[in-house]
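One structure is given below, encoded as structure tokens.
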Amino acid sequence: MTTEKSGADILIETLSDLGVEVVFGYPGGAVLPIYDAIFKQDRIKHILVRHEQAATHAAEGYARATGKPGVVLVTSGPGATNAVTGITDALMDSIPMVVITGQVPTALIGTDAFQEADTVGITRHCSKHNYLVKDPARLEPTIREAFYIATSGRPGPVVIDIPKDVQVATARRGENGPISHKTYRPQTEPDATSIEKAVDMLAAAERPIFYTGGGIINSGPEAARLLRKLADVTGAPVTSTLMGLGAFPASDDKWLGMLGMHGTYEANLAMNQADLIIALGARFDDRVTGRLDAFAPNSAKIHVDIDRSSINKNVRVDLPIVADVGRAIQAMIDAYERRQHPRPDLSEWWSRINGWRQVGCLEFQESDPKVIMPQRAIRALWEATRDKAPIITTEVGQHQMWAAQHFHFEDPNKWLTSGGLGTMGYGLPAAIGAQMGNPDALVIDIAGEASIQMNIQELATATQYRLPVKIFILNNEYMGMVRQWQELTYQSRYSESYSDALPDFVKLGEAYGWKGIRIETRDQLDAGIAEMLAYDGPVIVDCRVAKLANCFPMIPSGAAHTEMLLQSAEVSGEMDDEAKALV
């Protein structure tokens, strides 16, 4: 006869059966039975964060750096509501995550009991799916189903709300079986006819471009390898969203850099002047398209995405293909070779692209030999670490965009940032999660002095678990991106964007058991970075950079790709004659 077990024990055993090795969480009254079950086993390691938001970001970092779903455990009420930001962040950026929340006992639901919140209602629109489990016998199948939903199709966060009495009540465990869902069956295989049409369009195009996104990375390492092969077969240029960096090697001469609001001149102009855009695992979000009525006005568009709802949501496309992007790319390569299409002659197209490259949109001026320009700091960090293949996380702001522009990625799963939601405070806990999943890797959080303070308490988490995370702060004493927008849009009325009363980050780091390093002048930059890398433990670097540097290129809000700002100089209309004729 099968022995009955508590709901808490069923939960932990099922997580273990599913291969979960790490859970990020924070205890509270409504999850104490689960924490007691954790105490009595040694298969799953629990990481105690200092704030529930940090638990979700750490789980995101773990998921993105390992390819495994992240798991979060928090208590009811404020524990669950503190996790909402990270849940929303994971939904926007398609990160597989299962969030387990405690709930007041079933009989008290709806009575405004102590630490009660309607977790299911609150998370309904910021999670891929959610559950309230009222029967311990339903725990195991619910957990298995949640992992299937979180990791299948377009990945995302799933919330499981478990009342305290259900954690205590007993039930028999079911037999292990494949995780699935009775109705949710994402389409992963592409339609063969559509693939052949896409290949014919690609072979006939004179100005094609591959517009790639985070879906390439979510599909797995094989998708990135296939993207490189498809680019080689066709000779077409490749650009990427912020979330897709690393899917295509930055060292490849077909790489145009990131596109969008702070993308490169050549990537944005190529998108604008292409006659065929092949969107692979990207969703045409507003940061990429700019003004919609001026976005790629003369191009045909193919959109490959596993999320049917993303197709034709923002931009009408000519050929939709619903499929896993990796499988679609493989099918395109096979069809291209089967139909014996020759590699197209794109020499004229590349000549124009190389002309745009000559603009040197990422160049910057250094007038004072002592002052560290933030771009210089990022480039120095990249030069010092490029042979170590570091995992880079970021907070959100100017430093994030400078990192995307000047730190060059060769492989997927090395760039972890908050894209869709733009969450300040993401980088440090994400670095902790990435380090947990990759103990031997070099993990660096590129931060701003404002963003890092959003979850600064997680310095203690890294100390407790002896995680050698590095934090590299570009300290300009402003909320830099806010200040930049205020300068360009609000006539330099810097309302509340100056970071007054900043802490001494070196002393703060030392107070938490970290090594602190301060870099104040350009001649200290390389030595400071070397010292950071040589230290076998967590390091926080306070790198003082130019206070009023702006992040360019930039497409102003509501502008088109042809209206970029380069180092404060507007480039609107400065296209070559051939480009003008096509507009």
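Note: hydrogens, waters and symmetry copies are ignored here, and every other heavy atom, side chains too, is used.
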Arg379/Glu383 salt bridge by N-O under 4.0 Å criterion | no
Report yes if some heavy atom in the side chain of Val49 is under 4.5 Å from a heavy atom in the side chain of Glu458; otherwise report no.
-> yes
Does any non-hydrogen side-chain atom of Val71 lie less than 4.5 Å from one of Tyr62?
-> no
Nearest 0.5 Å, what's the CZ-CG distance between Arg518 and Asn475?
-> 9.0 Å
Assign the ring pair Trp415 / Phe409 to parallel, tilted or perpendicular, where the plane angle (0 to 90°) is split at 30° and 60°.
-> tilted
Should Lys507 and Glu510 count as an ion pair when the cut-off is N to O under 4.0 Å?
-> no
Are Arg283 and Ser310 linked by a side-chain donor-acceptor pair shorter than 3.5 Å?
-> no
Does a salt bridge link Glu366 with Arg522, judged by any charged N lying under 4.0 Å from a carboxylate O?
-> yes
Roughly how far, to the nearest 0.5 Å, is NZ of Lys515 from CD1 of Ile517?
-> 5.0 Å
Could you grab the distance from atom OH of Tyr478 to atom CD of Gln398, nearest 0.5 Å is fine?
-> 11.5 Å
Below 4.0 angstrom, N of the basic side chain to O of the carboxylate: do Arg43 and Glu21 qualify?
-> no
Rounded to the nearest 0.5 angstrom, the CE-CG distance for Met373 and Leu525 is 12.5 Å
Verify the neighbour count for atom CZ of Arg228: are there more than 12 heavy atoms of other residues, nucleotides or ligands below 6.0 Å?
-> yes
Just how far is it from atom CD1 of Ile392 to atom CG of Leu245, taken to the nearest 0.5 Å?
-> 12.0 Å
Heavy atoms from other residues, nucleotides or ligands near CZ of Phe114 exceed 12 (cutoff 6.0 Å) = no
To the nearest 0.5 Å, how far apart are CD1 in Ile34 and OG1 in Thr75?
-> 9.0 Å
